[in-house]
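Quick caveat: nothing in here was measured; it's all calculated off a predicted structure. Numbered from 1 within each chain, the chains take letters A, B, ... in sequence-line order.
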Amino acid sequence: MKIVVIGGSGLIGSKVVAKLNQAGHEVIAASPATGINTITGEGLDQALAGTDVVVDLANSPSFEDNAVMAFFRTAGNNLLPAEIKAGVKHHLALSIVGVDLMQDSGYMRAKKVQEDLIKQSGVPYTVIRSTQFFEFIGGIANQATEGNVVHISDLQFQPIAAEDVATFVAEAALAAPVNGIQEIAGPGRFTMPELITRYLKAGNDPRKVEPNQNLQYYGARISYAALVPAGQAKLGAIDFENWLSSQLANA
Amino acid sequence: MKRDKPQVPQLPVLSQAVLEQERKMLLDLGNDITRVRDKNDLLFLFSRRLKRYFYFTHTIITLIDEKAGTYTPFLLDNESSPIRKHPMYPELIQAHFRLNEPFIQAILQAEGPVSFLLEDIMDQPGSPVFLKVNYEKGVREILMTKIMMGDKPMGFIHMYTDKPGSFTHEFKSVINGIVPQLSGAVSNIIKNEEIHKTEREKSFLLDFSNEIALVRSQTDLQAAIFKVLDKTMGTKLAMIRLIDDDNIHLSTFMCDPTLFGGTKATFDQMSNRKITIEEPYTSKVLASREGLIFNVAEEINSGNDYAKLWATTGLKNMYSFPLRVGDRNIGTIWLLANKLSKLLLKGICAQISIAIANIQANEKLLAYKKQLEDENDYLKEQIRTFYNFSEIVGNGAAMQEVYRLVSLVATSGTTVLVLGETGTGKELIARAIHNASTRRDKLMVKVNCAALPANLIESELFGHERGAFTGATDRHIGKFELANHSTLFLDEIGELPLEAQAKLLRVIQERELERVGGKQTIKVDVRLIAATNRHLEEAVRKGQFREDLYYRLNVFPVTLPPLRDRPEDIAPLANFFVQKYARNAGRKISQIAPGAIQQLNSYSWPGNVRELEHLIERSVLLSPDGILKDIDIPRKSMAVQQNPAYPTNRSLEEMERSYIIEVLKRCGGKISGVGGAAEVLQVPGNTLHSKIKKLGITKADYFARN
C-alpha cells in the first residue's frame, strides 16, 4: 500500500513512518521539508497520486488561537479535496480525547474543526483521539510553575506513551476506516498533581507540586474528567513506570 | 507489547489519588444531598457539584405517577436549562408523559444509567416531545437514570449535554453510585411536601374557619368564599344553590357571573332557572355521600348542556358537593377546578354549609324583627289615632248614605275610591271599611302618596332587593307585600307620579309584583282603598292621572260630604270633640253655650271636620269655666266681624277725620305746642285748628271713650 504520512518527521510521525516501513509498505513522510506543504498545497497532488492511505499527524507551528485555527482549516481544505481527486481510500488523523469538552481552548476548537472537516469531506476516515503523551508531562509542569511551585489542578489524567500512540496509528492505518472516532489512552489513570509529583521526584527536580481545585488546563477551564477517555478506549501497553525508566535510561 | 482482550472495553488502572478523588466526590455529593432543606436545593447542589467533575448542560428529575401511567417534571434545574426560553417550556414542565412508550420503557428495563444521542431517538414513534425540544436548543445527548424507592422505580434523573460523548463511563458510574442517596433525598422531599401540604391545608382550613365565623351576610360569605377558592386553591365557584322552604325547589344563592365571560346570557338564563331536587344532576349530588366529580370533557360528550358552559373556563373538572347541616340537605355547591384535595374540600363545604345556615337563620331573624317592628309601628299609630269605626259621628242624611255604601262594600274585596274634601275623614272611612271586612284581623297598611319623594315611591310600594340602587343596603319589603291578605290604603292617590301609576296599574291588574332590582315575581292578595281630595276626572283630562288607573280605582266610589253640607252634624261633632279634649286637658266642660253653637253653624268650614276638631281643641284650652262660651273662630273672619264700623270704601274726609281724632286721643287733646297733635301731624297749629273746625270734631270725639 502507498501511505502518505503528513507531519512524518514529528514525534509520532517519525515513529509511524518507521513502523509502516517495517511492515513493508511504500511510505512517504510528507512535510514542508520534503516539498509537500498542506498550507500552500505545494507538491500535494504529486504525492497523493496512487495513494491508498493518508495519515495526517501535522501540527500547527504556532499555538496562538487564530493561527492554529487558520492552520488546521487551511490544511484540511487543501488536503481533503486533493485526496478525493487522487482517490484516497482512507484518511487517518490524530486528535485529542475530550476535544469537544474543552472548547474553552482555542487549540481544541481548531482540532474540532479539523475533525469536522474530515467527517464532512466524504473521504473514508478514522479519527484517533489520544490522551496526552507521557512526553508532555515536563511541559505541563513547566507552564504551571511559579517560582519553585507547580500549581496543578487535580484533573484526572491518563497519559499514553508516544510509542503506543504510534503503534495504534500504524495499526489503524492498515485497518479499514471506521468512519468514526477511536479513543486511545494510557493503561493507568492518575490525577495530574500525583503524576507530576512522581515525574519531578524521579528527575530530582526540587519544585513542589501544589494541587488546586481550579479545573485549569493550560489556562482553559475544563471539567475534572475531560482529559480521560469517554467509554471504550484502547489502552497503551507502556505504563508510567516503564516509560519513566526508559526515559531515565535514555538520559 | 502485551494486549489482553482487545475486544472488550479495556479499563485503566486507577491510581490511589484517582480512587480517593472519586470517593471524595461521592462523599461530597452525599453530604450535599443530606444537607438539602428545600427541594430546589437538591438539584442545584447536585448539579453544581457534579459539574466540577463532568460536563453536562442541565438536569431535571421527573416522578412517576403510577396510577396515571405517566411521569412528570418534579425538580427543575432552571438556571442552566437551555430550553427554558423555548415556547413549549411552560407546557413541558407541567406535562405528563406516558410511561408505556419505547423510550422510557428502555430506561425502566435497563440496569443503570443509559445515554442516547437525541438524533437517534427523538423522531421515533412515541418518543416524548421534550427530546425534540432539547435538540432544537442544541442539546445532543441525554443520560437517563431510574430513581428507585425500595425496588420500585419512583422517577428519573434526566441529564442533558450539548456535547456528545460527555456521558463517560466514569460519569455513569458516579451517577450510579449516587442514585441511592438521591432516591432517598427525593422520597424525603416528597414525604416532606406531603406533610407540608397537609399542614397547609389544615392551617388554611383554620383560617377559613376564622373568616367564616365572622360572616354575617351573604356578601361577606361571598367575599370569603371567592378569596379562598380563587386565590388560594385555583378553584372557581360556579354556583351555590339552596333548597327553598318548600323543600322541592332550589334557587341560586351565589354564583360567580364573571366565570363564564362570553356566555353571560346563557349563564344568566341557566342560573335563573329554578330547578327542583329531582333534577338529575342535583339529585345525584344530594344523594351522594361525599360529592361527585364530573369530568368536563366526558360530560360534553354525554350531552350535558351545563358542561359546555363549564368548558369555557378551561378547567377540567366540576366538583359538586351536597351542603349539609347535620343530616339535612340545604343545597349544592359547584366548583370548577383541575384538581382538588378531598380533605380540603370536605372541610370547606362543611364550613360553607354552616355559614349559610347561619346566614339563613340570621336573615329569618331580621325578617321577623322587621315584621314585628312594622306591626308595632302600625299598632302604635292605631292607638294614637282616635279614628275608628265606632267613632264616626253624624247622623245626617248625607252621612247615612255613606254608612250604607260602606256596609255594602266592606265585606267584598272590591277596590274602593274614597272622595271628599280635605278633613272630611277619608281615612276614617277606609278604616271603617277595613274593620268591617274579613281582613280585619290584619293591620291595614297606609301609604300617603303625597308624602313620599317621587323616586322612592316605587321602592316603598313594591320593596327592593339589596343592591337594587345606591343606598339599598338591605332587602326592603314593600307596602304591598306588607299588606298581603290585608288592606292597602293609598291616601292622596291623586298625587302619585305618572310612572308609579303605571306600576300600580300592573299590580292592580295582575295582583303580582316584582321588587325593585328583583327577578322574582311575588303574588299578593291585597284589598285596595284609595282616597283623594282631588277631582280625578279633571286630572285625567289634564293628563296628570292615567285614565286606565282611574277606572281601575273608581270601581266603588264613596263620596264624603263637606261639613258645610251637613250642618245638622256640627253640634254633635262639636260636643264629641269638647268631651274628648276636655278629658285630655283635664277640664270639666259639660256643654257649649248656645251662642257658640250659633257661631259654629254660621262658619263655612273650609277645613271640614278636621278644622272643627282643632278649633274645639283650642277653645277648650282657652275656656276658663264649665261652659264653652267663646269659640276662637279663625282670624280673617273675626277681623271682619269685630270691626263692622269700618266700611270697606271710606272717603278721604272720613279717613282724615278719624286719624286726627286718634292722634288727638294719643296727645291727650293737646293741639299745638310741644307734644301737640300739630307737631305729630307736621302741620301748623292754626291749620289743624281750622281742620278740626271744618270736620266738626268736638272734644267729645276724643275725650268721650276714655
So with a 6.0 Å cut-off around [atom1] of [X], is the heavy-atom count from everything else above 12?
X: A/Q143; atom1: CD; value: yes
X: A/K119; atom1: NZ; value: yes
X: A/Q22; atom1: CD; value: no
X: B/Q16; atom1: CD; value: no

[options]: which one forms the most heavy-atom pairs within less than 4.5 Å of chain B?
options: A/G98, A/A226, A/P187; result: A/P187
options: A/T191, A/I181, A/V228; result: A/T191
options: A/L195, A/L155, A/L101; result: A/L101

So, for [X] and [Y], which heavy atoms are closest and what is the spacing to 0.1 Å?
X: A/G186; Y: B/P12; result: O-CB, 4.5 Å
X: A/E194; Y: B/V18; result: OE1-N, 4.4 Å
X: A/D154; Y: B/Q21; result: O-NE2, 2.6 Å
X: A/A225; Y: B/F54; result: CB-CE2, 3.5 Å

Residue part contacting chain A, namely of B/K51, when any heavy atom lies under 4.5 Å: backbone
Between CG of B/L19 and CZ of A/R189, what distance do you get to the nearest 0.5 Å?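 B/L19 CG to A/R189 CZ: 10.0 Å, rounded to 0.5 Å.
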At a 4.5 Å cut-off on heavy atoms, which part of A/L215 comes close to chain B: side chain, backbone, both, or neither? side chain
